[in-house]
Structures are given as structure tokens and as C-alpha cells.
Number of protein chains: 2
Amino acid sequence: MLKFILLGFLNYAPMTGYQIKTLIEDSTAHFWHAYHSQIYTTLRALEEQGLVSSEMDESDEKLQRRVYTLTEVGRQALLSWLNDAMMAPSTVKDELLVRVFFSGQRSAQSVREELLIQRRLHQQQLELYRAINLRGWTSEFETEPVGPVDLAHESKFWAATLKFGMRYEQLYLDWLDELLASL
Amino acid sequence: MLKFILLGFLNYAPMTGYQIKTLIEDSTAHFWHAYHSQIYTTLRALEEQGLVSSEMDESDEKLQRRVYTLTEVGRQALLSWLNDAMMAPSTVKDELLVRVFFSGQRSAQSVREELLIQRRLHQQQLELYRAINLRGWTSEFETEPVGPVDLAHESKFWAATLKFGMRYEQLYLDWLDELLASL
DNA sequence: AGATTATATGTCAATAGTGACATGTAAAAA
DNA sequence: TTTTTACATGTCACTATTGACATATAATCT
């Protein structure tokens with residue numbers, strides 16, 4: 001999966017692994033996170049598969065920055081993946097729900113404390129989403145987006161995922177509050 | 001993580017891997033899924049660590065059913081995990097959101113079709129949740145829950161996770177409908 | 001009687017993801 | 001000037017997860 005996030009960003013413009021990493025942190029990390037270790041190794045794997053190519057940035061002699069570019073094969077792989085619709089709902093893995101499920105074994109106080117911590121965390125996350133400026137994302141591309149990428153059109157979908165994130169955090173907050181009230 | 005789900009269920013009563021598998025499918029799979037391959041291998045690993053013990057069910061000579069029992073060490077491991085609150089929000093990994101994020105590259109028709117498929121899937125999931133009878137879960141234990149497990153108390157938390165699931169599906173449906181309308 | 005589905009348990013190779021260790025430059029702050 | 005933070009890239013061991021292959025009995029359906 002991370003593979004397609006990398007191809008997706010490289011479709012906007014050639015970039016280094018680090019740039020992709022920061023873009024992910026600011027955008028997709030809310031629904032798909034990855035450590036830099038996985039990003040760099042996956043980029044190398046994609047290069048071996050011929051989906052991306054790379055070259056060292058020569059503009060700075062000391063700094064070693066490897067710039068990745070999407071190949072035509074890579075672009076086709078991305079589009080083919082996008083056009084092949086998912087036939088199952090996304091699987092959810094939520095550790096807190098597992099913990100709540102088995103919380104009959106705990107003291108009410110222990111549960112309450114944990115839910116309050118989660119409440120604060122999700123409140124922060126919601127505020128973070130509210131502060132996000134979609135325009136900022138495009139400015140992180142060092143080079144201008146290439147060819148047929150219409151950023152206004154793209155940002156409609158970016159905004160949709162952001163809206164989902166905000167609703168999700170609000171759902172989480174409401175659910176936590178109700179559960180807290182019921183204890 | 002699966003580790004604690006296994007310990008959690010074994011805390012209710014001794015069971016076979018298959019029983020745990022069916023329990024997971026009916027309950028926690030909505031927020032933490034696992035294939036039987038992982039369940040069986042993890043049970044073996046837990047036995048090696050001394051957190052569970054197992055013996056073959058002798059009541060049927062032909063059928064090979066391995067019954068797992070939580071050890072005291074295992075029970076302490078479960079309680080210790082439960083009482084050590086999570087300090088981060090659960091990480092989300094949602095493939096559809098990744099796909100939507102990069103959907104500026106697709107035809108509106110392709111996106112619309114996929115969202116309609118997802119709409120149907122999430123509608124089904126919501127109906128499935130509505131049909132769930134919490135009472136049914138306890139009847140799946142072959143032996144009566146042991147010692148200090150108060151099923152009425154437990155089921156309060158089970159119900160909370162189910163409620164979360166229903167709200168989540170409703171959120172998903174609303175979000176899909178709005179996104180569909182905006183295309 | 002034969003076919004199919006549910007019960008039941010396992011292995012294994014491959015892929016994905018985590019988190020620590022390692023290293024160096026550049027910029028900003030104290 | 002020293003320290004800290006940001007930039008930048010990598011390896012590696014370990015753990016987790018997937019999904020296919022394998023096998024056998026029991027129950028139900030046609």
C-alpha cells in the first residue's frame with residue numbers, strides 16, 4: 001500500500017524520500033502512516049522494479065539528496081491500481097477498542113483515566129485538522145507539478161479526506177464522552 | 001496486539017484456537033482482525049512464553065482439538081497490559097482514503113463506481129451490526145466463564161465497541177454520500 | 001450415496017511494518 | 001561559541017501479518 005502513496009506523490013513532481021516523508025506526515029499519515037525506514041527501502045524496491053528512477057541532486061555537493069522520478073511504467077501502475085476498485089471495506093485496527101472490549105477486568109478509575117487521555121489526544125488531533133491549510137501542501141513541492149496534474153481538482157479529494165478525519169475525531173470524542181458518562 | 005485478544009478471551013474460559021477464531025470473527029474482527037494462521041501460531045508462542053497452557057481434548061478420540069487455558073502468569077500479563085494506558089491515539093490505516101486522496105487522477109465515473117460499491121459494503125456492515133445480539137457471544141463459550149468474570153459487566157464494554165462500529169459505519173455512509181454528491 | 005459445507009489445526013514463504021542504531025550537514029537558538 | 005533542532009539517508013533485526021497450501025473428520029444437503 002505504501003508503494004502507491006509513493007507513486008501517487010511522485011506523480012505530482014519528482015522528489016526526495018525526505019520530501020515524501022514530510023508530505024506524508026502532513027497529509028496521508030492521518031490514514032496511512034509510515035516510518036522513514038520503510039519509505040526509503042520501498043523507494044529502492046520501486047526503483048528495482050522500474051516504477052521510479054533516481055539520481056543524486058548535484059546542486060549541492062556535500063548534501064546527498066536522492067531525487068526520485070516516476071517512470072511511465074510507474075505511472076501506469078498507479079493509474080491501474082486507482083482504476084481497479086476496492087471490493088471490500090478497509091480493515092480497521094484500533095487498539096483502544098480492543099482495550100475497551102476487555103475493560104470489564106479493570107477498575108472504573110483505570111478505564112476513566114485512559115479515556116480522558118484519549119479524549120485529550122483526539123481533541124488535539126481535531127484542532128490540528130482544523131488548522132490544516134490545504135494550500136500549504138502544494139507549496140511543499142520544490143518543483144512545479146508536472147503536466148496534467150490539476151491541483152485545484154486534486155485538492156477537492158484532499159479536502160474530502162481531511163473532512164473524513166475531522167468527522168472521525170468528532171465521532172471519537174462523542175463516543176468517549178458517552179462512555180465516560182456511562183461509567 | 002493479537003496476543004492480548006487471545007489472552008482476553010482465554011480469561012473468560014478455556015477454549016480451542018478455533019473457538020477463539022469464531023469469537024474474534026463475531027466481535028473484535030470489526031476493530032482487529034486475524035487469520036487463523038496467525039491465531040494458531042500466536043497461541044503456540046504464548047504457550048512457549050508460559051502465558052497459556054494447552055492439552056488435547058480427550059472427549060473425542062478422532063478429533064484433535066487443543067484446548068488452551070490462561071495461566072496465572074498470562075492473567076497478570078493481560079491485567080498489566082490493560083492497566084498500562086495507551087498514550088497515543090490508535091493509528092488508522094484506511095486504504096480507501098488513500099485511494100480517494102489520489103483520485104484526482106481518475107475519471108469521475110471510475111471514482112463514483114467505487115464509492116457506490118463502498119456505500120453498499122458499509123450499508124451491509126451497518127445492518128450486520130444492528131443484527132448482532134450481544135447475548136449470543138457468551139453462549140459461544142463451551143464451558144461457563146470462570147471465577148470473577150461478570151458477563152453483565154463485560155457486555156457493557158462490548159456494547160460500547162459495537163456502538164462505535166455503528167457510528168463509524170454511519171459516518172462512512174454520510175461521508176460517501178456527500179462525496180458522491182459533490183462529484 | 002455422493003457432494004458440499006462446517007469444524008478443526010497446522011505449516012510456510014513472502015510481504016509489511018516497527019523501532020533502534022548509525023551518520024553526517026545546515027540552520028537556528030542560547 | 002556551543003548546543004540543539006531540522007534536514008537527509010540509510011541499515012538491520014525483529015515482529016506482525018498475509019494468504020496460499022495441506023489435511024482430516026463431522027454434519028448437512030441433494
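Convention: sequence-line order gives letters A, B, ...; per-chain numbering from 1.
As rounded to whole Å, 14 Å separates atom C1' of dT15(C) from atom CG of Leu46(A). Between the P atom of dT15(C) and the CZ atom of Phe4(A) lies a distance of 14 Å, rounded to the nearest Å. Protein atom OH of Tyr35(A) is 23 Å distant from nucleotide atom P of dT15(C), rounded to whole Å. Rounded to whole Å, the distance from CG on Leu23(B) to P on dT7(C) is 12 Å. Atom CD1 of Ile24(B) is separated from atom C1' of dT18(D) by 15 Å (rounded to the nearest Å). One can place CD1 of Ile20(B) at 13 Å from P of dA8(C), the figure rounded to the nearest angstrom. Rounding to whole angstrom units, CD of residue Glu48(B) and P of dT15(D) are separated by 12 Å. Rounding to whole angstrom units, CD1 of residue Ile39(B) and P of dT18(D) are separated by 11 Å.
Distances shown here put every side-chain N or O of Tyr18(B) at or beyond 4.0 Å from the OP1 or OP2 atom of dT9(C). In this model, the phosphate group of dA16(D) is not approached by any side-chain N or O of Trp32(B) to a distance below 4.0 Å at OP1 or OP2. For the OP1/OP2 pair of dT9(D) and a distance below 4.0 Å, the side-chain nitrogens and oxygens of Arg66(A) include no atom meeting the criterion. One finds no side-chain N or O of Lys21(A) lying less than 4.0 angstrom from the OP1 or OP2 phosphate oxygen of dC7(D). Side-chain N/O atoms of Gln64(A) include none lying less than 4.0 angstrom from OP1 or OP2 on dT9(D). In this structure, Arg65(B) does not reach the dT7(C) phosphate: none of its side-chain N or O atoms is under 4.0 Å from OP1 or OP2. Proximity of His36(A) to the phosphate of dC7(D): no side-chain N or O atom is located under 4.0 Å from OP1 or OP2. OP1 or OP2 of dG10(C) has not a single side-chain nitrogen or oxygen of Tyr40(B) nearer than 4.0 Å.
A heavy-atom distance below 4.5 Å is found between the side chains of Leu79(B) and Gln105(A).
Residue pairs meeting the salt bridge (charged side-chain N to carboxylate O under 4.0 Å, His left out) criterion with at least one partner in residues 173-183 of chain A, sequence neighbours excluded, are Arg119(A)-Asp177(A), Glu178(A)-Lys163(B), Glu178(A)-Arg167(B).
Taking the six-membered ring where the residue is Trp, Phe164(B) and Tyr172(A) present perpendicular rings, their angle passing 60° and hence far from 30°.
Side-chain contact of Tyr168(B) with Asp94(A): a donor-acceptor pair under 3.5 Å is absent, judged by distance alone.
Within 4.0 Å (heavy atoms only), Lys3(B) reaches no atom of the nucleic acid at all. Residue-level contact check: Thr16(A) touches the backbone only, with heavy atoms under 4.0 Å from sugar-phosphate atoms and none from bases.
In terms of position along DNA chain C, the nucleotide closest to Gly17(B) lies nearer the 5' end than the nucleotide closest to the other residue of the pair Gln38(B) and Gly17(B). Taking the nucleotide of DNA chain C with the nearest heavy atom to each of Met1(A) and Val67(B), the more 5' of the two is matched to Val67(B).
Nearest to the side chain of Ser37(A), among dC12(D), dG19(D), dA16(C), sits dC12(D).
Applying the side-chain hydrogen bond (donor to acceptor under 3.5 Å, both in side chains) rule to Arg106(A) yields the partners Ser103(A), Ser110(A), Glu114(A); only residues at least two apart in sequence or on another chain are considered.
Here Lys21(B) pairs with Glu25(B) in a salt bridge; the nearest charged N to carboxylate O distance falls below 4.0 Å.
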